[in-house]
Every structure is written in structure tokens, then in C-alpha cells.
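Working notes, structure below.
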Amino acid sequence: MEVKEEQAIVSLLDRDPELRKYYEEHQELEKKLAVFQHKHHLSPDEEIEMKKIQKLKLAGKDRIMEILGRHRHNGDIQ
């Protein structure tokens with residue numbers, strides 16, 4: 001996410017529980033993904049798990065951006 005988007009999201013977290021849920025999930029998946037990215041070699045099971053996490057993270061980001069777009073449309077943020 002870009003810095004501007006991240007700032008907008010953080011500014012809305014207290015007002016939008018759904019956004020908070022997806023944002024926290026996204027942060028947690030980012031941490032899990034970082035563990036795999038720091039390994040020099042992944043087992044086939046680890047590769048599958050990493051791909052699963054990447055897909056979940058991307059789906060979550062899409063949902064976050066959808067919610068952010070809704071807030072922009074409503075004039076909650078610029």
C-alpha cells in the first residue's frame with residue numbers, strides 16, 4: 001500500500017470495524033509472509049503455505065481498497 005493510502009486507512013480504523021478487521025488481518029499475514037521470505041529454502045509444503053498467504057493477503061488488500069473507495073465516495077476522506 002502507498003503511504004497516503006496507509007494514512008487514510010489508519011485514520012478510519014476507529015470508525016470502521018470492518019476496515020479494522022481486514023487491516024489487522026493484512027498486517028498479520030504480512031508478518032507470516034516475512035517469515036517465509038527470510039528463509040533461504042522452502043519445502044514444498046512451505047511454498048504452498050506461502051502462496052496461500054499471498055492469495056489471502058491480496059484478497060484482503062482488495063477488500064481494504066474497496067472499503068477505502070467507499071469512504072472516499074462518501075467524503076469521509078480525500
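In this text, all values refer to a predicted model and were calculated from it rather than measured experimentally.
Glu24 pairs by the side-chain contact (heavy atoms from CB on, under 4.5 Å) definition with Arg20, not counting sequence neighbours. Residues meeting the side-chain contact (heavy atoms from CB on, under 4.5 Å) test with Glu18, sequence neighbours left out: Asp16, Tyr22, Arg63, Ile67, Arg70. Shown here are the side chain to side chain donor-acceptor pair (under 3.5 Å) partners of Glu6, two or more places apart in sequence or in another chain: Tyr23. Lys61 pairs by the side-chain contact (heavy atoms from CB on, under 4.5 Å) definition with Met1, His26, Met65, not counting sequence neighbours. Listed by chain and residue number, Glu46 satisfy the salt bridge (Lys or Arg N to Asp or Glu O under 4.0 Å) test with Lys39 (two or more places apart in sequence, or in another chain). Every residue was checked against the side chain to side chain donor-acceptor pair (under 3.5 Å) condition with Asp62, not counting sequence neighbours, and none meets it.
When all heavy atoms of Ser11 and Ala8 are compared, the closest pair comes out as OG-O, 2.6 Å.
No continuous path of hydrophobic side-chain contacts links Val35 to Leu42 [ILVMFWY only; heavy atoms under 4.5 Å].
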Considering only distance and modelled atom types, tabulate donor-acceptor pairs under 3.5 Å from the side chains of residues 47-58, sequence neighbours left out.
unit_1 : atom_1 : unit_2 : atom_2 : d
Lys57  : NZ     : Glu30  : OE1    : 2.6

Next item on the list: List the steps and the verdict of side chain to side chain contact (heavy atoms under 4.5 Å, CB included) for Leu12 and Leu68.
Entry: CA-CA 9 Å; Leu12 294 167; Leu68 188 60; 3.9 Å; yes

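Residue-environment remark: CD (Gln37) exceeds the threshold of 12 foreign heavy atoms within 6.0 Å.
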